[in-house]
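Below is one structure, written out as structure tokens, with a few remarks after it.
Order of the sequence lines fixes the chain letters, A, B, ..., with proteins taken first and strands second; residue numbering starts at 1 for each chain.
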There are 2 protein chains.
Amino acid sequence: MMTSSPFPDGAQRQAARQAKRDAVLLAAVRMFNARGFHATSLDDVAASLGISKPTIYHYLGTKDQVLLECVTLGLNQLLDAVAEARGKPGTGLARLRAFLISYVQVNMDDFGRCVIRTGDEMLSPESGKRFRHLKREIDTALRSLIREAIADGSMAPVDERIAAFTFAGALNWPARWFDPDGPKTAEATAEQMVDLLLGGCTPR
Amino acid sequence: MMTSSPFPDGAQRQAARQAKRDAVLLAAVRMFNARGFHATSLDDVAASLGISKPTIYHYLGTKDQVLLECVTLGLNQLLDAVAEARGKPGTGLARLRAFLISYVQVNMDDFGRCVIRTGDEMLSPESGKRFRHLKREIDTALRSLIREAIADGSMAPVDERIAAFTFAGALNWPARWFDPDGPKTAEATAEQMVDLLLGGCTPR
DNA sequence: GATGCAATATACTCATGAGTAGATAATATC
DNA sequence: GATATTATCTACTCATGAGTATATTGCATC
């Protein structure tokens with residue numbers, strides 16, 4: 001690591017700015033998740049960082065923009081998970097399984113949690129539109145992974161729409177109950193849930 | 001049906017009062033579900049019924065009490081479903097299946113939807129406590145139904161906690177997406193979801 | 001060393017919406 | 001018929017919290 005001079009150059013200043021922006025965003029999303037969006041004021045967020053409200057406006061803009069940024073980050077993590085699963089070898093079911101496992105894990109994390117806990121009515125009409133659009137992308141990707149698994153015979157021919165909603169619902173829920181400080185790791189929990197979901201529970 | 005006299009007796013007045021109370025509650029829960037609790041003012045609810053805000057206070061009390069009443073109704077429907085499933089004959093799995101099917105259907109309806117869409121942070125501390133208590137009862141019942149199904153061998157020996165969360169999550173989600181005016185009935189959708197959940201989707 | 005932009009603060013404005021006070025009418029009870 | 005109770009309204013109060021106007025400091029560039 002380079003010792004940074006007390007006279008930062010452009011790139012360093014840029015990076016510092018970005019770091020501050022990120023810190024504000026993280027503080028905000030954590031508070032939104034802990035107390036709920038409406039029960040969190042920007043003054044609270046600012047206070048938790050020892051700064052003032054206008055500073056948040058300086059880095060991120062209105063409360064609506066802050067929330068949109070949070071959910072966008074979460075949804076981008078999901079999009080990345082789609083791409084990664086798509087790149088994997090193996091049957092359609094194996095790829096679906098890989099995606100679902102990443103999906104739960106994102107939902108257990110700060111920004112993914114926020115995606116689940118945010119209803120579109122909390123955002124302004126325009127941001128809500130953007131939010132719904134991104135969510136639709138994920139849903140479409142999930143459905144096509146299901147379709148492909150059925151097509152190559154690695155998955156039983158179930159109703160694609162119902163399966164997508166059922167899987168998504170089950171795997172969204174940890175956003176509400178999973179405790180990162182609990183005994184089981186996120187990964188182990190994720191795998192157990194996905195295997196139950198795909199395998200069912202009728203005795204063999 | 002008896003023709004009601006223009007001079008109602010005590011019982012009739014009591015019934016009329018109850019009917020008004022119910023109407024207010026229904027209007028409120030529908031609006032909460034459509035726009036979100038925070039985006040709904042009691043003035044809006046009152047206006048939708050052609051009455052004024054103090055009338056709502058007369059029948060139901062504060063906004064917090066209105067919401068608590070809504071979720072309590074929803075949770076009581078779930079408690080009824082538990083009792084009904086418990087009374088059924090058949091294997092543990094059959095009883096579990098019966099409960100899960102009722103469970104989804106409640107979640108597709110006005111008050112059940114509200115239970116799902118309400119986070120405990122939306123209620124006052126005391127009401128939140130009551131809310132969590134009732135939810136815990138349902139969770140406990142679900143877990144014991146699972147435990148019993150495993151005990152009598154009709155269900156594979158899965159982790160009870162994980163299964164409860166997975167099932168509940170999957171079956172809570174319709175509160176967000178199910179459209180009662182859509183093509184498929186609530187009952188058919190419910191059965192499809194539950195069968196997928198219990199049976200899994202690996203090819204046979 | 002003047003001028004401008006970046007970062008931050010203090011101290012406002014202003015809308016919203018929960019909850020209440022108090023009036024009024026109608027109905028019930030004595 | 002006098003008096004209490006129920007149902008309802010209009011018209012407030014008051015707290016909260018989003019968003020802004022404006023001041024200050026400091027670095028950056030010319």
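Distance CZ/B:R161 to OG1/A:T189: 7.5 Å, rounded to 0.5 Å. Put simply, OG1 on B:T202 and CZ on A:R97 are 12.0 Å apart, with the number rounded to the nearest 0.5 Å.
Ion pairing of B:D159 with A:K184 is present here, as a side-chain N (NZ or NE/NH1/NH2) and a carboxylate O approach within less than 4.0 Å.
In this structure, B:W177 has its ring center under 6.0 Å from that of A:F165.
Closest approach of A:T118 to A:L67, counting heavy atoms only: OG1-CD1, 3.7 Å.
Shown here is B:R130, whose CZ atom has no more than 12 heavy atoms of other residues, nucleotides or ligands within 6.0 Å. In this structure, A:E187 places its CD atom where only 12 or fewer heavy-atom neighbours from other residues, nucleotides or ligands lie under 6.0 Å away.
Contacts between residues 26-51 of chain A and DNA chain D, defined by a heavy-atom separation below 4.0 Å, involve A:T40, A:S41, A:L42, listed by number. Scanning residues 55-65 of chain A for heavy-atom distances under 4.0 Å to DNA chain C yields A:T55, A:H58, A:Y59.
Contact between the side-chain N/O atoms of B:R17 and the OP1/OP2 oxygens of D:dT6 is not found at any separation under 4.0 Å.
On a pure distance criterion of 3.5 Å, no polar donor-acceptor pair joins the side chain of B:K20 and the base of D:dA7.
Relative to the side chain of B:K53, the nucleotides C:dT20, D:dT20, C:dG19 differ in distance, and C:dG19 lies closest.
A 4.5 Å side-chain heavy-atom check between B:S48 and B:M31 finds at least one atom pair inside the cut-off.
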